[in-house]
Structure formats: structure tokens, C-alpha cells
Amino acid sequence: MAELASLLAGIVGAAHVLTGDQVPAEYSHDEALGVDARMPGCVVMPASTGEVAGIVKVAAAHGAPVTARGGGTGMSGGAIPAQGGIVMSFERMDAIVDIDTVNHVAVVQPGVTLARLDVATAEAGLVYPVFPGENSACLGGNVATNAGGMRAVKYGVTRHQVLGIEAVLASGEVIRTGGRFVKESTGYDLTQLIVGSEGTLALVTEATLRLYPRPELQATLLAPFGTLEQVTRAIPEIVASGAEPLVLEYIDMLSMAAITAQADIGLGISDQIRATAQAYLVLMLEGYQPGRLETDTEVVGELLAGLGALDVYVLPPHSARQLLEAREKAFWVAKAAGADDIVDIVVPRSALPRFFARVAQISQEIGPSLVAGCGHAGDGNVHLAVFQPDPALRSHLLRELFTAGLSLGGTISGEHGVGIAKQRYFLEFTDPVKIGLMRRVKQAFDPQGILNPGVLLDRLGSSDG
Ligand SMILES: Cc1cc2nc3c(=O)[nH]c(=O)nc-3n(C[C@H](O)[C@H](O)[C@H](O)COP(=O)(O)OP(=O)(O)OC[C@H]3O[C@@H](n4cnc5c(N)ncnc54)[C@H](O)[C@@H]3O)c2cc1C
């Protein structure tokens, strides 16, 4: 490692290479639950694409694994390095290269956080619409995980916003894909292949992202329901109504109690309704014209009442903000309460009632276990906190949950990714023909297997995948 670190220091400067005791523990993990941290041999912080390419060439020459790292907020263990490997942290590549107000495009380096991009786009009256729950996440990490979040129900996920990228390949060569345009029909779509590849195919050094006009007006409705089934049955009706919600989240009773207690917010819900409600829908609309937004809010409110809501609250802006912030912090609340794992299964939204019925059965049959949550119901994407401390029972439980989701036409992860945490289930449940093809894609991009080995796909012939 000493020789490698000295070569890396020659590229980025000694101040930007950390080794041994200098490496803070945070570089050994992300936010995934139930996976072990691993200390890297060194952390290197490049400042340019040229430096990234130089580092990759040195790593390739030494056969040293390279794990890219953005904000370290990932939920799948994708930023956990190979033991003794290189962490490439993009914290110094944090320039917003351009906010192009004519083409509605942002060009960013991978270390730009969502929080900073939001401020910069707001100044231009524009918005980058992907809002995963943690604003310290970086755009490089978002691209690599195909991040989703609450607003995907209206705007889609990261994949739908990435118009082009610059990336460093495992050979050290640099490619550019796409550009400041919204359509392309010129061969295989390398942009989309790299989006969601969890740092296993290439290192993203710049992203060209789609922006939208930023509507100034928002209205938030909160609707408690007597059963979770009623909530899930309401969702397709709301989507079909043409209301185009910006946010359409469900929160089950336990999660609502926990996140509102943690944030110390009341929301004006009466004790009687609180005692009866088993689940809640949070629905946000956005618009440009006050009159139109008021009408839409009224129409949606009536629709919710007709679908069986116990009441419908139009939240004042301050309360709406508090509720959405509390919802975004649901993961921290579950973690503090001792959650053993988080799954983010996605199913067709029409299948949500059957999925939740099966979740209730499974959690009784295995353990019993506690499974509670909230999620992007408009996308059919649920975030379930799993409380089952016994590893064997928990693995059985997860397997049953994934089986339930898959049998209803869904998949293992809607947005958190596979990483290390869900790899064995991904390999077990995915068509072997597809896995074989993915292995060949990986081989074509990274024949030596130096980019994030053991993440997403296992390392062939090794036992630590
Ligand atoms: C409280 C909380 C709420 C969350 N809510 C959501 C949510 O609603 N929706 C959602 O989708 N996610 C959510 N997440 C998960 C997380 O924020 C996302 O996965 C995010 O995209 C990770 O970004 P990051 O910069 O932290 O990436 P990291 O964790 O640093 O890395 C994630 C993956 O990307 C790779 N990577 C990072 N940078 C690059 C690069 N430049 N080139 C190639 N590969 C790279 C890493 O190797 C790793 O595999 C949440 C997390 C937390 C803690």
C-alpha cells in the first residue's frame, strides 16, 4: 500500500491521500443496515477528470480495487470498499459547471450535493426534480444508484433526468455520452447503462441533468384512513384522476406515530382520528396559478373523502414542510428504534393491497417479526423497516418479502440498489440468463474487475462477494 499511496500522492498531492490511521471510519461504510463496515487501504480525493484517470491507471497496474464514494448515504452498502482497497472520494470535484437556463440543463461534477444544486437551480427559477430523502447525497452517487425519492411519481427517477455523462473507464480512458439535448438514436445507450451501475462499470466525473421550471405554489393534503388497504386502493384512483401529484406517499400508523413524536408535530389531527387511523396518505400538488391550485386541491380533497378518508386536512405550509421533513427522516427514526434492515421493494401500484396483505401474513408467520414503514406509494415503492434480530429468521423473512413482491410483478429494489446488502437475493431471484449477460457487460467494461468488485455482482471465484 505504501508504494501505491506514494504513486497516488504523485497524482493528487500528498494532502489528498489518506492511509492507515488517517482514514476516518466513515469511509468504511454507508447507511446500509445489516452489513459490515470494511476499512480501505487508502482514500484518494481527485480534483479533476485527469486525476481520476491517472488514479485508475495506477490502480489497474496494481490490480487494486477502486470504490467510488459520494455522500456515503447509500442504503445498499455500495460504497463499502473492498478490504484494503482504494476509496475514491469525489468531495473535491464539487463544481456546478453550468446552469443552462435556455436548454434547461445543469452540468455538475459528481461531488455536488443535492442541497447545493437545489439552491443554484432555485436562483434560476428552475428545479432538478429528484428529491431522495437525504440532501447531503451527491449527484455522482445519485446517478450511480439511479436515486428516486418522493417526487418520482411526477417527474420520474434519476435515470429520466440524466442527459449525458463524462466517465472514466477502468482502462483510464475518458468517454462522453449524450449532451444538452433530450433525444438520441445513435447506438447503444451507454448513459443509461452507467446510470444505476453502482460504481461497477465506470466512474462518473460529470453529469448533464435535465431541469424544469420551478412552480412556486404547493398545496399539501393529509388523509387518514381506517385501513392500509383503503390507502392502497385509493392510489390508482388518484393517479387516474389526472391530478398529477408531486408527492403521493403512504405512512402506516406506527411510522406516523414515531416520526411525528420524534419531530414533535401535531398536524391538528384529532385524538379520535389518531386512535382510528391505521394509515395515512400525504399528497402534494404544485402549480403556477393560485386559483387553479385551489380548485385542484378541492377536487382531490373530495376524491379522498369519497375513497373513504376519515378526514382530509389541507396543511398550512409550515406544517406541510414539517411533515415532509419528518417523513424524510423516517429512516433515522427506524434506525434509532433498532430496525435490523430496510427493504425498498417495488410492485405495480395496483398490486399494493395484495402485497401488504402478504407482508402482514409473513411478519406473523416468521418470528413473529415487526415490519412497518412508509414509502412512495404512487410508484408502488414501499420502504419497510424490518425488526427481527435473529439473522437466520431475518434472512428467511426477507426472502419471503422478495418472493411476495416478485410474484406480484415487482422487483427487489425500487431505488436503493443492490450493493452488498441485497446481492445474494438479487443473484438468487434474477433470471440467470440476465445475470450472465450482466457479467459479460461488466467484463467488457472492466476486464480486470477493479471497479467496486463484489458490489452488485459477486466476484467470480471469490468467497467475499
Ligand atoms: C435518510 C435517508 C433517506 C434516503 N431516501 C432515499 C430516497 O427517498 N430515495 C432514494 O433513491 N434513496 C434514498 N436514500 C439513499 C441515498 O441517499 C441514495 O442512494 C443516494 O443516491 C446515494 O448518494 P451518495 O452520494 O450518498 O452515494 P454513496 O453512498 O457515496 O454511493 C452510492 C453508490 O454510488 C457509487 N458512486 C458514488 N459516486 C460515484 C461516481 N462518481 N461514479 C460512479 N459511482 C459512484 C458508490 O460506489 C456506491 O456504489 C436515502 C438515504 C438516507 C440516509
Side-chain angles (χ1 to χ4, degrees), residues 26-27 29-33 40 46 49 52 56 65-82 85-91 93-94 108-115 117 130-153 157-159 165-170 194-207 247 249 259 324-336 342 344 346 374-376 379 381-383 385 413-421 423 445-446 451-456:
E26 70 190 63
Y27 291 103
H29 65 86
D30 57 10
E31 294 301 338
L33 300 181
T49 302
V52 174
V56 171
V66 178
T67 294
R69 182 181 179 90
T73 71
M75 299 279 225
S76 70
I80 296 179
I86 299 171
V87 164
M88 183 167 327
S89 172
F90 283 99
E91 58 209 80
M93 290 180 68
D94 64 347
V108 297
Q109 287 191 317
V112 173
T113 62
L114 282 165
L117 183 59
V130 182
F131 277 69
E134 180 53 59
N135 272 351
S136 63
C138 297
L139 270 306
N142 280 194
V143 170
T145 57
N146 186 24
M150 286 197 206
R151 300 184 180 192
V153 65
V157 296
T158 302
R159 187 177 291 297
I165 53 177
E166 177 193 80
V168 173
L169 302 178
I194 292 171
V195 174
S197 63
E198 303 191 36
T200 63
L201 296 185
L203 301 171
V204 178
T205 48
E206 190 180 279
V247 167
E249 296 279 305
I259 65 171
L324 288 173
E325 279 173 14
R327 155 66 192 95
E328 283 175 348
K329 292 192 170 71
F331 165 72
W332 304 115
V333 175
K335 186 178 173 183
I342 303 282
D344 85 304
V346 60
C374 49
H376 315 311
D379 309 328
N381 188 195
V382 303
H383 293 350
S413 170
E415 54 184 26
H416 292 165
V418 172
I420 293 171
Q423 186 194 70
F445 269 81
D446 180 18
L451 296 182
N452 232 359
V455 165
L456 185 62

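Read the numbers this way: they start at 1 and go in the same order the structure lists the ligands and their atoms. Any value given below was found using the heavy atoms of this structure, including those in side chains, with hydrogens, waters and symmetry copies removed. What you see is a predicted model, and the numbers here were worked out from it, not measured in a lab. We're numbering straight along the sequence, starting at 1.
- Checked against side chain to side chain donor-acceptor pair (under 3.5 Å), Glu91 has the following partners two or more places apart in sequence or in another chain: Tyr27, Ser89.
- Using a heavy-atom distance under 4.0 Å as the criterion, the protein contacts of ligand 1 are Glu31, Ala68, Arg69, Gly70, Gly71, Gly72, Thr73, Gly74, Met75, Gly78, Ala79, Phe90, Pro110, Pro132, Gly133, Glu134, Ala137, Cys138, Gly140, Gly141, Asn142, Ala144, Thr145, Ala147, Gly148, Gly149, Glu198, Gly199, Ala202, Leu203, Val204, Glu328, Phe331, Trp332, His376, Glu415, His416, Asn452.
- Glu415 and Asp344 get closest at one heavy-atom pair: N-OD2, 2.7 Å.
- A donor-acceptor pair under 3.5 Å links the side-chain atoms of Thr158 to the main chain of Ala147, judged by distance alone.
- Considering only residues two or more places apart in sequence or on other chains, Val204 meets the side chain to side chain contact (heavy atoms under 4.5 Å, CB included) condition with Val143, Ile165, Ile194.
- One side chain, Ser136 or Glu134, offers a donor N or O that lies under 3.5 Å from an acceptor on the other.
- Every side chain to side chain contact (heavy atoms under 4.5 Å, CB included) that Ala137 has, sequence neighbours left out, goes to Thr73, Leu114, Asn142.
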